[in-house]
Amino acid sequence: MATNALRSLWAEPRPTNAPDRGPRDWALVAVLICWSVLEVVLRQDLAPLPLLLLEVLAVLGPLLWRRTHPLAAVAVSIGTLTIVDIIRILTGSQGALLNSSIAVLILVYALFRWGSGREAASGLGLILLWLAIITTHGADPTSPAEAVAGYAFFLFAAALGAAIRYRAKIRIRDIDQAKAREREQLARELHDTVAHHVSGIAIQAQAGRAIAASHPERAIETLTVIEDAATRTLTELRAIVGVLRASQDTEFAPQPGVAEVEQLATDGQTRPCVEVTLSGEFDDLSPAVGAAIYRLAQESITNARRHARHATRVTVAVTGDADQVRLTIDDDGSAAGGRAPAGYGLVGMRERASLLGGTFHAGPAAERGWRVEAVLPRTGTPR
């Protein structure tokens, strides 16, 4: 088991969402340069200036490439610092190095946060080799406690990078699962709606065959084609969507639509009170869009009841025009509700709207409370 775990860590690929070099990286380098300059100006116990310059370049330069080339950044930095220490040992150079070189911990963190398993293992070997050199043969006297503290700092940076990496990986997995659940729910609703209508087509075709004995053979052949096509489509649809279902139960009742949104309204005795307003045209609306409007409204109301602090009212407005349907849900809860836009429920709602070719937005309202807004095309064109 331990061997398999090591092989798994060795084969771990790089994260795919590493951010590019940005203004914050340049600001970090600028701050460290200023720190180094201040140390050179104010301190009197430093090593010769050429060694200090080499040290600064070794630590600050690779910082800009720590995410895109984590192993190379660590190798250049640690390798240069090792050369600096060897030169100090061989020449007997007196004086300390800059405290700003502690920024090398950022490179260690980045190695385990953004590097692959092989890069992390190789970089760790370089780091441990460098620590062994400076703690046993370093130019500066090092007590056992200081040596242990040095190892602890670097191992902590490595562990922190690995922990953040693992947490990000778990979050990405949870988001993918939330999207998959929403896709499954949408597939079930599409299946039940289509199956309801296709079943009717198949029954009508069978009835047509039963009474077509006295009709021309062409009509019988046409009804046969209709029956075969409808039956085959229904069978294939059941087989495909059956793979997506979490359970084996199948319901052929029509799914709730825009008309059922009114049933989400409550009387004044329940807090928060839910008010529903429907306006516009909803004829010939895609069943998938109608079901999505209902599900989005239902989920938004549930979120408001759970997370909207001091909310007394939730207003649901559905407006239909010639091309699209707009759903808006507002609550009057306080801003201290702490509802984060990255919640998995919101991820699922955004995924549902996206699958139907629409848009979704959730966030604090302009004045008070929280607003959820979704715009879906009437035809509901899944991607």
Side-chain angles (χ1 to χ4, degrees), residues 171 174-186 189 255-268 270-282 285-321 323-383:
R171 174 160 180 78
D174 291 342
I175 290 176
D176 290 341
Q177 289 178 349
K179 290 182 178 181
R181 287 193 298 268
E182 199 63 27
R183 286 175 178 267
E184 177 187 331
Q185 180 66 25
L186 180 59
E189 293 170 359
Q255 294 296 315
V258 173
E260 283 70 29
V261 175
E262 290 184 319
Q263 300 176 5
L264 300 175
T266 61
D267 53 24
T270 305
R271 287 291 183 269
C273 176
V274 179
E275 301 176 358
V276 178
T277 303
L278 303 181
S279 60
E281 295 294 331
F282 302 105
L285 189 66
S286 169
V289 174
I293 292 294
Y294 178 84
R295 298 300 183 191
L296 293 175
Q298 185 183 48
E299 180 71 16
S300 299
I301 293 172
T302 301
N303 288 342
R305 288 171 174 166
R306 291 177 178 175
H307 306 297
R309 304 180 67 181
H310 312 299
T312 60
R313 184 177 61 182
V314 178
T315 59
V316 179
V318 184
T319 305
D321 56 29
D323 300 321
Q324 60 189 19
V325 180
R326 181 182 298 273
L327 170 68
T328 305
I329 302 98
D330 291 291
D331 66 66
D332 60 352
S334 63
R339 286 166 286 180
Y344 299 133
L346 297 181
V347 170
M349 289 192 284
R350 184 174 292 106
E351 179 73 4
R352 176 181 287 261
S354 176
L355 289 171
L356 294 174
T359 60
F360 178 86
H361 174 74
E367 298 180 357
R368 177 184 174 89
W370 189 268
R371 165 167 285 199
V372 175
E373 188 173 23
V375 179
L376 304 178
R378 295 180 66 91
T379 56
T381 54
R383 294 181 181 178

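All residue numbers in this chain count up from 1 along the given sequence. Just the heavy atoms: all of them, side chains too, but no hydrogens, waters or symmetry mates, feed the values below.
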Mind checking what makes side chain to side chain contact (heavy atoms under 4.5 Å, CB included) contact with [X], not counting sequence neighbours?
{"X": "Ala297", "value": "Val261, Leu264, Val316, Leu327"}
{"X": "Ala317", "value": "none"}
{"X": "Glu262", "value": "Val276, Leu278"}

With sequence neighbours left out, what residues match [X] under side chain to side chain donor-acceptor pair (under 3.5 Å)?
{"X": "Thr312", "answer": "Asp332"}
{"X": "Thr302", "answer": "none"}
{"X": "Thr277", "answer": "none"}

Are the side chains of [Y] and [X] in contact, using a 4.5 Å heavy-atom criterion?
{"X": "Arg295", "Y": "Pro256", "result": "yes"}
{"X": "Val258", "Y": "Tyr294", "result": "no"}
{"X": "Phe360", "Y": "Val372", "result": "yes"}
{"X": "Val318", "Y": "Ile293", "result": "yes"}
{"X": "Met349", "Y": "Ser300", "result": "yes"}

Please list, chain by chain and in numerical order, all residues satisfying salt bridge (charged side-chain N to carboxylate O under 4.0 Å, His left out) with [X], sequence neighbours excluded.
{"X": "Arg326", "answer": "Glu373"}
{"X": "Asp330", "answer": "Arg371"}
{"X": "Arg305", "answer": "none"}

